[in-house]
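Accompanying notes for the structure given below.
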Amino acid sequence: MNKSAASFTCTACGAVHRKWAGRCDACGAWNAIIEEAPLSKGPGSKVPVARGREIALGTLADVEPPPPRRQSGIGEFDRVLGGGLVPASAILVGGDPGIGKSTLLLQAVAGFAGQGLRCLYISGEEAGAQVRLRALRLGLAQAPVELGTETALRDILTTLDRVRPDLAVIDSIQTMWLDTVDSAPGSVSQVRTAAHELVSFAKRRGVSVVLVGHVTKEGQIAGPRVIEHMVDTVLYFEGERGHPFRILRAVKNRFGPTDEIGVFEMTGAGLAEVANPSALFLSERGTPAPGAAVFAGIEGTRPLLTEIQALVAPSSLGTPRRAVVGLDSARLSTILAVLEARCGIPFAGMDVFLNVAGGLRVAEPAADLAVAAALLSAREDVALPAETVIFGEISLSGALRPVSQTENRLKEAQKLGFSRAIAPARSKLGAGGGLDVVQMTDLTAFTGEFFGAG
Ligand code: TYD
Ligand code: MG
């Protein structure tokens, strides 16, 4: 007999441990491991083979044509979903508390309802009056959305089964609880079981469900990552506090491309779509200043121009500061090391601050060259040439590697009035060409050209 009376589960990543620890080995989160009662008695070590029912098997050719998608009319939202809502799909929308998830989903659900879908919005966090007040603020008070406030999942499932809507939003999954599960709402087993019940209901009854999940830093409640594997689509709503821009990012999508983003702006009357994000992210630019480089990036299927800003200053600390917002800090360390080792430009004894303007997060290696350019420009206090976009991956040898979708990057830059691009040699320029493209083989050539160094 095994004596697993309780297990220890990480609320951040869901990893199960045999004993409690301050730090989760699997994801590195601190103070996130909690003790949990086992889900259920479950079958013993031997599953009785004869008691199951034989399942129907088919061939690979049996797939039905994809069902028609339904649009909310909010173009940015529909695109991130892969072109609209797929019937009977389960979608998770995660994000920090207060980032605007409830606002976004109320707007989306009103959009779908306006297209003739029967939509339910179930809030477990706010009172009906609060949701109605928000709807009023968003100008959606008359939208044909049915509103419920409840946290008991049993009652919600009964209601959904009775009503059979096309779409149900559950805000949020961490407030839902089932009386069959012996732990508090928000615990890993409650969140997992509630999500499982909702997702299987969605598949069984052809109802699309959207689950809202708060990303939690403290680990008091389970994060949305523990249910990512159950749903068809995972969207994260991101943004920096103090910035009005919000980015909806698809990180998993069984029905569409991942890494697709939708850009919104939080206004006094809800989220407004940003049709031309490049123009928006570059809008704060004045005359070229030292430390700023324009990166021609790709987010999902779309080109997106952003400004990368660096500040390099003498440090008074023994270990100089490296502060990064919107980029991977390990990537910064790599680029600094390459600049030092391959180009002979040291950053030792200097504080380095790196930032992507507008609160965007850039994960593409193609940003390397723009980062290096911003760093050098800041260090030398020389502005980069105006009207120039930069992109390219830097390898550890200091060579520049061509990146994907060069043509799209160039086209977007041209559309926004840029006249020149700095790109790795052997880039496939395609027909992106009204731009003057300077192609370089390695970082040393780049530093030599613009800063007379190296
Ligand atoms: P909310 O949707 O409640 O966030 P979440 O559900 O992710 O916790 O959004 C909360 C924030 O958005 C709040 O700080 C107020 C702001 N907000 C606006 O700026 N404009 C609006 O029209 C609305 C409805 C909210
Ligand atoms: Mg909310």
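Order of appearance sets the numbers: ligands from 1, and atoms from 1 within every ligand. These figures come from a predicted structure and were not determined experimentally.
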(request) Using a cut-off of 2.8 Å, find all protein N, O or S atoms closer to the Mg ion (ligand 2) than that distance. (result) S102 OG
(request) Apply salt bridge (charged side-chain N to carboxylate O under 4.0 Å, His left out) to R79 and E76, showing your working. (result) CA-CA 5 Å; R79 211 195 43 257; E76 294 289 299; 3.4 Å; yes
(request) Using a 4.5 Å cut-off on heavy atoms from C-beta on, say whether the side chain of V169 contacts that of L120. (result) no
(message) Judged on heavy-atom distance to atom 11 (C) of ligand 1, which of P97, S123, G98 sits nearest?
(response) G98
(request) Number the atoms of ligand 1 from 1 as they appear, then name those within less than 4.0 Å of a heavy atom of G270, with their elements. (result) 20 (N), 21 (C), 22 (O)
(request) Return yes if some donor-acceptor pair links the side-chain N/O of E393 with the main-chain N/O of L400 below 3.5 Å, else return no. (result) no
(message) Is there a polar contact, in the sense of an N or O pair closer than 3.5 Å, between G268 and ligand 1?
(response) yes
(message) Tell me every residue that passes salt bridge (charged side-chain N to carboxylate O under 4.0 Å, His left out) with R249, counting only those two or more places apart in sequence or in another chain.
(response) E238, E299
(message) Closer than 4.0 Å and a protein heavy atom, does any atom meet both conditions relative to atom 15 (C) of ligand 1?
(response) no
(request) Report the part of K101 (side chain from C-beta onward, or backbone N, CA, C, O) that has a heavy atom under 4.0 Å from ligand 1; answer both or neither where that applies. (result) both
(message) Are L235 and L81 packed together at the side-chain level, in the sense that at least one heavy-atom pair is separated by less than 4.5 angstrom?
(response) yes
(request) Please check if the side chain of R420 supplies one atom and the backbone of T388 the other of a donor-acceptor pair under 3.5 Å. (result) no
(request) Inspect the contact between R204 and D161 and indicate whether a charged nitrogen and a carboxylate oxygen are less than 4.0 angstrom apart. (result) no
(message) Does any part of the side chain of L92, heavy atoms only, come nearer than 4.5 Å to the side chain of I227, both counted from C-beta?
(response) yes
(request) Over all heavy atoms of both residues, which pair between L106 and L140 is shortest? Give the atoms and the distance, please. (result) O-CD1, 4.0 Å
(request) Could you tell me whether L138 approaches ligand 1 through its side chain, its backbone, both or neither, with non-hydrogen atoms closer than 4.0 Å? (result) side chain
